[in-house]
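Here the structure is laid out as structure tokens; the discussion comes afterwards.
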Amino acid sequence: MTAFTLADLERIVAIRAGSTDIKSYTASLYAKGIGKASQKLGEEAVETVIAAVSGDREGIVSESADLLYHLLVVLGISGIKLDEVLAELQHRTSQTGLEEKASRGQG
């Protein structure tokens, strides 16, 4: 088990977002804005699903890493901290999944 956390990745993304290094992928995504970052997030989500459906374990791991990275980029551009998402997850786990879903008015 690694000691690396999503909070660590969030910090790295935030640092690299402000980089002036033309080789920084993170800085380039931030510069392109929420539209491009969201597009990349969607692409990685689809690639993760494809890997899962095809039973590609290594692909799932690799694509999930890409997905989490791009999610943190989108959250960062949107001014949303990982802690906010974790707090929402914590709130949701205080009830069953079906109760939580019903409380959002979704069937």
Side-chain angles (χ1 to χ4, degrees):
M1 187 61 126
T2 180
F4 187 78
T5 67
L6 287 177
D8 295 330
L9 181 57
E10 180 182 44
R11 279 189 294 279
I12 292 167
V13 166
I15 291 167
R16 292 183 181 169
S19 173
T20 57
D21 182 354
I22 62 170
K23 295 179 186 174
S24 172
Y25 178 63
T26 303
S28 72
L29 274 178
Y30 267 73
K32 291 175 184 172
I34 193 65
K36 183 63 174 178
S38 296
Q39 175 189 349
K40 291 300 297 177
L41 176 62
E43 290 170 8
E44 298 305 342
V46 170
E47 290 170 4
T48 303
V49 169
I50 291 168
V53 169
S54 64
D56 178 3
R57 188 177 195 289
E58 288 180 25
I60 295 168
V61 171
S62 177
E63 297 302 339
S64 293
D66 290 344
L67 179 61
L68 290 170
Y69 162 78
H70 285 91
L71 175 59
L72 289 175
V73 169
V74 166
L75 291 174
I77 291 172
S78 301
I80 298 169
K81 298 288 185 193
L82 178 60
D83 282 346
E84 294 177 67
V85 177
L86 296 176
E88 177 64 18
L89 286 170
Q90 182 178 20
H91 170 73
R92 290 181 183 192
T93 59
S94 67
Q95 53 192 331
T96 70
L98 294 176
E99 289 170 330
E100 188 280 325
K101 189 173 181 180
S103 74
R104 289 186 281 147
Q106 299 173 359

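FYI, the numbering just counts along the sequence from 1.
Annotation: Ile22, atom CD1; neighbour count of heavy atoms from other residues, nucleotides and ligands within 6.0 Å does not exceed 12.
Linking Ile, Leu, Val, Met, Phe, Trp and Tyr whenever their side-chain heavy atoms come within less than 4.5 Å puts Leu82 and Ile34 in one cluster. Both Leu86 and Val74 are members of a single hydrophobic cluster when ILVMFWY side chains are connected at heavy-atom separations under 4.5 Å. Placement of Val46 and Val61 in two distinct hydrophobic clusters is found when ILVMFWY residues are connected by side-chain heavy-atom separations under 4.5 Å, directly or transitively.
For residues 39-65, every residue pair satisfying the salt bridge (charged side-chain N to carboxylate O under 4.0 Å, His left out) rule, not counting sequence neighbours, is listed here: Lys40-Glu43.
Residue Thr48 holds its OG1 atom at 4.5 Å from CG of Leu67, rounded to the nearest 0.5 Å. Atom OH of residue Tyr30 and atom OG of residue Ser19 lie 12.5 Å apart, to the nearest 0.5 angstrom.
No donor-acceptor pair closer than 3.5 Å links the side chain of Ser62 to the backbone N or O of Gly59. The backbone N or O of His91 sits less than 3.5 Å from a side-chain atom of Ser94, completing a donor-acceptor pair. Of the possible donor and acceptor atoms, one in the side chain of Ser54 sits under 3.5 Å from a partner among the backbone N and O of Ala51.
With sequence neighbours left out, Asp8 forms a side-chain hydrogen bond (donor to acceptor under 3.5 Å, both in side chains) with Thr5, Arg11. Taking the side chain to side chain contact (heavy atoms under 4.5 Å, CB included) definition, one finds that Leu75 meets it with Leu71, Leu72, Ile80, Val85, sequence neighbours left out.
The two atoms that bring Ile77 and Ala37 nearest to each other are CD1-CB, 3.6 Å, heavy atoms only. Closest heavy-atom contact between Leu29 and Lys36: CD2-CG, 4.2 Å.
Under the 3.5 Å distance criterion, with hydrogens and angles disregarded, a donor-acceptor pair is assigned to the side chains of Thr26 and Tyr69.
The shortest side-chain heavy-atom distance between Glu84 and Glu88 does not fall under the 4.5 Å cut-off. Taking the side chain as every heavy atom from C-beta outward, Ile50 and Val53 never approach each other to under 4.5 Å.
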Check step by step if side chain to side chain contact (heavy atoms under 4.5 Å, CB included) holds for Leu41 and Val73. CA-CA 9 Å; Leu41 176 62; Val73 169; over 6 Å; no
